[in-house]
Amino acid sequence: VQLQASGGGSVQAGGSQRLSCAAARMITSVFSATTLGWYRRPPGKERELVAVITKDGDATYADSVKGRFTISRDSARKKVYLQMNSLKPEDTAVYYCAADRHGSRWPRTENPNEYQYWGQGTLVTVSS
């Protein structure tokens, strides 16, 4: 299974960016049952959770992005999205999508070890 993340780039503070992650090789029925997450690794820092969405559409967000980021999924297209608004320089990071085929729920999904599949990462740079 391969996850392909895209949508990264450079943006001014206050701007928006939309990340996409496709699971082209995953069987649709399996994708529909997965929990999907977005993580990020800021420069020189540890990887951190950004947002998680269950198969039922229940979403959980890191406090730092609540009210600004929205995670969504399209099971028919086997994609997960991260809409990022009101971006700040501290949002600069490599963003990774991840999938947990067991469909775990929060708080287990806060743990990156719960995810079996990871995308390659896409860089988002926010300038002030």
Side-chain angles (χ1 to χ4, degrees):
V1 174
Q2 183 178 19
L3 301 181
Q4 185 71 36
S6 62
S10 297
V11 62
Q12 293 276 340
S16 298
Q17 198 86 349
R18 189 194 196 205
L19 304 182
S20 298
C21 178
R25 297 183 182 179
M26 189 179 286
I27 298 172
T28 301
S29 59
V30 172
F31 182 90
S32 297
T34 61
T35 291
L36 301 162
W38 284 98
Y39 279 76
R40 68 185 180 186
R41 187 187 296 274
K45 296 184 178 181
E46 296 293 316
R47 181 176 50 183
E48 60 186 25
L49 175 71
V50 177
V52 176
I53 187 166
T54 67
K55 62 179 181 178
D56 302 315
D58 294 328
T60 304
Y61 298 91
D63 288 342
S64 60
V65 306
K66 280 181 182 176
R68 300 188 298 121
F69 290 13
T70 302
I71 187 172
S72 61
R73 63 189 296 162
D74 185 335
S75 292
R77 290 187 169 88
K78 295 184 288 185
K79 288 187 174 182
V80 59
Y81 306 98
L82 185 68
Q83 177 66 43
M84 306 183 293
N85 299 328
S86 301
L87 282 162
K88 305 174 181 180
E90 51 263 44
D91 294 318
T92 294
V94 177
Y95 284 74
Y96 300 90
C97 56
D100 166 29
R101 66 176 183 266
H102 301 301
S104 302
R105 304 187 71 86
W106 189 266
R108 292 186 63 174
T109 50
E110 186 176 16
N111 185 347
N113 294 325
E114 288 293 315
Y115 300 86
Q116 299 82 39
Y117 311 111
W118 290 83
Q120 83 286 6
T122 184
L123 176 63
V124 175
T125 303
V126 184
S127 58
S128 58

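One-based numbering along the sequence shown.
With rounding to the nearest 0.5 Å, the separation of OG in Ser104 from CG in Asn111 is 9.5 Å. Rounding to the nearest 0.5 Å gives a distance of 10.0 Å between CD of Gln17 and CZ of Phe69. Once rounded to the nearest 0.5 Å, the distance linking CZ of Arg101 with CZ of Phe31 reads 15.0 Å.
Counting only heavy atoms from C-beta outward, the side chains of Lys88 and Ser64 never approach each other to under 4.5 Å. The side-chain heavy atoms of Glu114 and His102, taken from C-beta on, include no pair separated by under 4.5 Å. You'll find the side chain of Thr125 reaches within 4.5 Å of the side chain of Ser10, heavy atoms only. Between Arg68 and Met84 there is no side-chain heavy-atom pair separated by less than 4.5 Å. Within the 4.5 Å cutoff, the side chain of Val80 has heavy atoms near those of the Ile71 side chain. Residues Tyr39 and Tyr115 are in side-chain contact: their nearest non-hydrogen atoms beyond the backbone lie under 4.5 Å apart. Taking 4.5 Å as the limit, every side-chain heavy atom of Asp91 sits out of range of all side-chain heavy atoms of Val124. Contact annotation: the side chain of Thr70 never approaches that of Tyr81 to less than 4.5 Å [non-hydrogen atoms, C-beta and beyond].
Side-chain N or O atoms of Thr122 include none that pairs as donor or acceptor with a backbone N or O of Ala5 at under 3.5 Å. No side-chain donor-acceptor contact under 3.5 Å links Glu110 to the backbone of Leu49. Judged by distance alone, the side chain of Lys78 and the main-chain N or O of Met26 form a donor-acceptor pair under 3.5 Å. In this structure, the side chain of Arg73 engages the main chain of Thr54 through a donor-acceptor pair within 3.5 Å. Judged by distance alone, the side chain of Gln2 and the main-chain N or O of Ala24 form no donor-acceptor pair under 3.5 Å.
The two atoms that bring Asn85 and Ser16 nearest to each other are OD1-OG, 2.9 Å, heavy atoms only. Nearest heavy atom pair, residue Ser32 against residue Lys55, reads O-CB, 3.1 Å. Across Ile53 and Ser72, no two heavy atoms sit closer than the pair CD1-CA, 4.0 Å. Residues Arg40 and Tyr95 approach most closely at NH1-OH, 2.9 Å, considering heavy atoms. Of all non-hydrogen atoms in Arg105 and Asp56, the two that sit nearest each other are NH1-OD2, 3.3 Å. Leu82 and Trp38 make their closest contact through CB-NE1, 3.6 Å (heavy atoms, listed as atom of the first residue, atom of the second, distance).
Other residues, nucleotides and ligands contribute only 12 or fewer heavy atoms inside 6.0 Å of the CD1 atom of Ile27.
Salt bridge absent: Asp100 and Arg108 never bring a charged side-chain N and a carboxylate O closer than 4.0 Å.
Under a cutoff of 6.0 Å and an axis angle of 45°, Arg41 and Trp118 do not form a cation-pi pair.
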